[in-house]
Amino acid sequence: MNEVVKLSEKDLDEFYHLYLYAFNNQDSEERRAFFDNRYKHSQAYGIHHRNKLSSGMLSIPFQINFHGVTYKMNGIGDVMSYPEFGGHGAITDLMRQAFADMRDDGVSLSYLAPFSYDFYRRFGYEEVFDRAIYQIKNTDLPRVKLSEERGTFIRLPLADAIALIDEVYENNEQSRNGGVKRDPWWWNYLCLKHPQWQVGVYLEDDKNASGYVIYEPSGDTFKIQELMYTNQLSYQYLQRFICQHESMFAKFEYANGDPKGYPDVMANPDTVDVRIRPYMMARIIDLQKFVADYPFMQKVKTVRLAVKDELIPQNNGIWRLKVNVNRTNFEKLSNNEQNMADIHLNVQNLTKAFMGYRQLDYLKRTGAITGSLDSIHNLGNALHSESPMLWDYF
């Protein structure tokens, strides 16, 4: 077993050089600026071999908004080893230590961006976030008519736009299905990492923003990173602003955190190419805390869940759940998940179901979980079924 240690600011240079080598990145002033910012706001872990850092990982503390409930979530990033030290269980040991510390800190969830989905499933993570990638030629852009002319549209660098758009993001429905609550340091990090990002902001009353688009020019492509609006008029103004770039770019692309795909918003839907792409993964860290705080949509008659979690033993076992109008009761009955229960599932499928990525009846039909249909319908009807959405990356 490898000895995992918590790193500090004195270890930053050594961690940074491991990061450059492991991900084949080139050093630059811009890269060092956003990397230092992320490191200083994270808990860094490392494993040493002969007094030199051989493996490392960041655990980045965030809060997320899940249908009005604020959960603590740690994002995992920069999971890495020098090639000669790979295959010795370093990542497993780093993950176990990070999970233990997250539980001590009251963290309910963890997200990560995988290099391999299959690899991170071994640590209890599961695909939960997808994206819809839209691509359209400039000649196929729609002609947008405003229902009325009102307010002002301005264009700003991201750093100058944050004060205007932060509230629009925070209160938008699209950021409340598991999205990150962006602290000032994270907004600053986005500016450091993406200096080319620009923002078009619609001010409906000439002072307060009611919609914005974050975008960047990339060769002959106008790339939209984020699009948030609060009403029909702000949506129309943002559409018109985007389409006004038709003479400057041959193609337009939008990576949408809402994975459903809406080609029908176009007059001719077949002019837009829509691809659904896997994005990021999630896992439940503290099952008891997560379920106790969960915003159930209706009552749940008593149901016993047999949960299997090979990395976090505190989640493993038989749990009894009952949800009344004003209270959620969730308690462990046994540490053996093979005992009698109404529904048997692992932590990955439980995460998918509770976060709305897949419904319990679908998981039952595909053989991912087992259990009685009555129990599955009883619990499934109380879970949120809207697709989780994530606009950030770490």
Side-chain angles (χ1 to χ4, degrees), residues 29-42 60-75 77 111 144 146 148-218 222-245 254-258 389-394:
E29 184 177 342
E30 292 79 9
R31 184 179 298 280
R32 187 62 194 254
F34 73 72
F35 180 89
D36 286 4
N37 181 277
R38 183 175 63 204
Y39 183 95
K40 291 173 182 177
H41 286 89
S42 305
I60 314 168
F62 293 100
Q63 291 184 326
I64 62 111
N65 188 327
F66 186 78
H67 301 283
V69 173
T70 297
Y71 283 113
K72 293 177 75 173
M73 180 279 293
N74 277 33
Y111 296 173
V144 179
L146 301 176
E148 61 176 304
E149 293 270 0
R150 175 155 53 92
T152 306
F153 203 98
I154 59 176
R155 183 168 44 84
L156 300 165
L158 178 58
D160 296 335
I162 292 171
L164 290 170
I165 68 176
D166 178 52
E167 188 174 347
V168 177
Y169 169 83
E170 184 74 15
N171 295 326
N172 199 284
E173 289 184 7
Q174 295 187 107
S175 71
R176 300 167 70 89
N177 288 13
V180 170
K181 294 170 71 71
R182 292 175 179 163
D183 289 336
W185 83 264
W186 184 250
W187 276 116
N188 183 50
Y189 169 79
L190 294 176
C191 295
L192 293 171
K193 189 174 183 182
H194 305 286
Q196 73 281 14
W197 281 7
Q198 301 179 54
V199 188
V201 184
Y202 173 58
L203 308 173
E204 193 166 340
D205 59 0
D206 295 326
K207 288 190 280 187
N208 299 305
S210 63
Y212 69 88
V213 55
I214 300 176
Y215 65 95
E216 65 173 310
S218 179
F222 183 94
K223 288 193 172 182
I224 300 168
Q225 304 295 337
E226 192 166 294
L227 185 69
M228 297 281 175
Y229 48 90
T230 58
N231 54 41
Q232 181 189 17
L233 189 59
S234 60
Y235 178 57
Q236 290 173 349
Y237 266 93
L238 293 171
Q239 278 188 309
R240 187 176 73 166
F241 173 74
I242 293 166
C243 293
Q244 285 171 332
H245 291 79
Y254 176 30
N256 189 358
D258 184 347
M389 302 182 198
L390 185 63
W391 305 88
D392 295 280
Y393 185 91
F394 32 82

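Counting from 1, the numbers follow the sequence of the chain as shown.
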Evaluate side-chain contact (heavy atoms from CB on, under 4.5 Å) for Trp197 paired with Gln225, printing each intermediate quantity in order.
CA-CA 8 Å; Trp197 281 7; Gln225 304 295 337; 3.6 Å; yes
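- In the model, Gln198 has no side-chain atom that pairs as donor or acceptor with a side-chain atom of Glu216 under 3.5 Å.
- For Gln244, the side chain to side chain contact (heavy atoms under 4.5 Å, CB included) partners are Arg240, Phe241, not counting sequence neighbours.
- In this structure, Glu29 has no salt bridge (charged side-chain N to carboxylate O under 4.0 Å, His left out) partners at least two apart in sequence or on a different chain.
- With sequence neighbours left out, Tyr237 forms a side chain to side chain donor-acceptor pair (under 3.5 Å) with Glu149.
- In this structure, the side chain to side chain contact (heavy atoms under 4.5 Å, CB included) partners of Asp258, at least two apart in sequence or on a different chain, are Gln174, Asn256, Lys260, Tyr262, Met389.
- For Asn172 (side chain) and Ser175 (main-chain N/O), no donor-acceptor pair under 3.5 Å exists by modelled atom type.
- Taken from CD in Gln196 to OG in Ser218, the straight-line distance is 8.5 Å, to the nearest 0.5 Å.
- The side chain to side chain donor-acceptor pair (under 3.5 Å) check on Arg32 picks up Asp13, Asp36, with sequence neighbours excluded.
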Just do the side-chain contact (heavy atoms from CB on, under 4.5 Å) check on Tyr229 and Val213 with the steps written out, would you?
CA-CA 9 Å; Tyr229 48 90; Val213 55; over 6 Å; no
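- Residues satisfying the side chain to side chain contact (heavy atoms under 4.5 Å, CB included) criterion with Pro157, sequence neighbours excluded, are Asp160.
- Trp185 has its side chain out of reach of Lys40: every pair of non-hydrogen atoms, C-beta onward, lies at least 4.5 Å apart.
- For Glu30, the side chain to side chain contact (heavy atoms under 4.5 Å, CB included) partners at least two apart in sequence or on another chain are Ser28.
- Annotation: side chain to side chain donor-acceptor pair (under 3.5 Å) contacts of Tyr235 (sequence neighbours excluded): Gln239.
- Counting heavy atoms from C-beta outward, His41 and Asp183 have side chains that stay 4.5 Å or more apart.
- Tyr111 meets the ring pair (Phe, Tyr, Trp, His ring centres under 6.0 Å) test with Phe129; sequence neighbours excluded.
- Annotation: side chain to side chain donor-acceptor pair (under 3.5 Å) contacts of Lys181 (sequence neighbours excluded): Glu170.
- Between the side chains of Glu226 and Tyr212, a donor-acceptor pair is found at a separation under 3.5 Å.
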Which donor-acceptor pairs under 3.5 Å do the side chains of residues 186-194 make with protein atoms, sequence neighbours left out?
| unit_1 | atom_1 | unit_2 | atom_2 | d |
| --- | --- | --- | --- | --- |
| Trp186 | NE1 | Asp392 | OD1 | 2.9 |
| Trp187 | NE1 | Asp166 | OD1 | 2.8 |
| Tyr189 | OH | Arg38 | NH1 | 2.8 |

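- No side-chain heavy atom of Ile60 sits under 4.5 Å from any side-chain heavy atom of Asn74.
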Could you pull out all donor-acceptor pairs under 3.5 Å where a side-chain atom in residues 202-211 meets a protein atom, sequence neighbours excluded?
| unit_1 | atom_1 | unit_2 | atom_2 | d |
| --- | --- | --- | --- | --- |
| Tyr202 | OH | Arg150 | O | 2.6 |
| Glu204 | OE1 | Ser210 | OG | 3.2 |
| Glu204 | OE1 | Asn231 | ND2 | 2.9 |
| Glu204 | OE2 | Arg150 | NH1 | 2.9 |
| Glu204 | OE2 | Arg150 | NH2 | 3.3 |
| Asp205 | OD1 | Lys207 | N | 3.0 |
| Asp205 | OD1 | Asn208 | N | 2.7 |
| Asp205 | OD2 | Asn208 | ND2 | 3.0 |
| Asp206 | OD1 | Thr152 | N | 3.4 |
| Asp206 | OD1 | Thr152 | OG1 | 2.3 |

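- Remark: Arg176 fails to qualify as a cation-pi partner of Phe66 under the 6.0 Å distance and 45° angle criteria applied to the six-membered ring.
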Evaluate side-chain contact (heavy atoms from CB on, under 4.5 Å) for Ile242 paired with Leu227, printing each intermediate quantity in order.
CA-CA 11 Å; Ile242 293 166; Leu227 185 69; 4.2 Å; yes
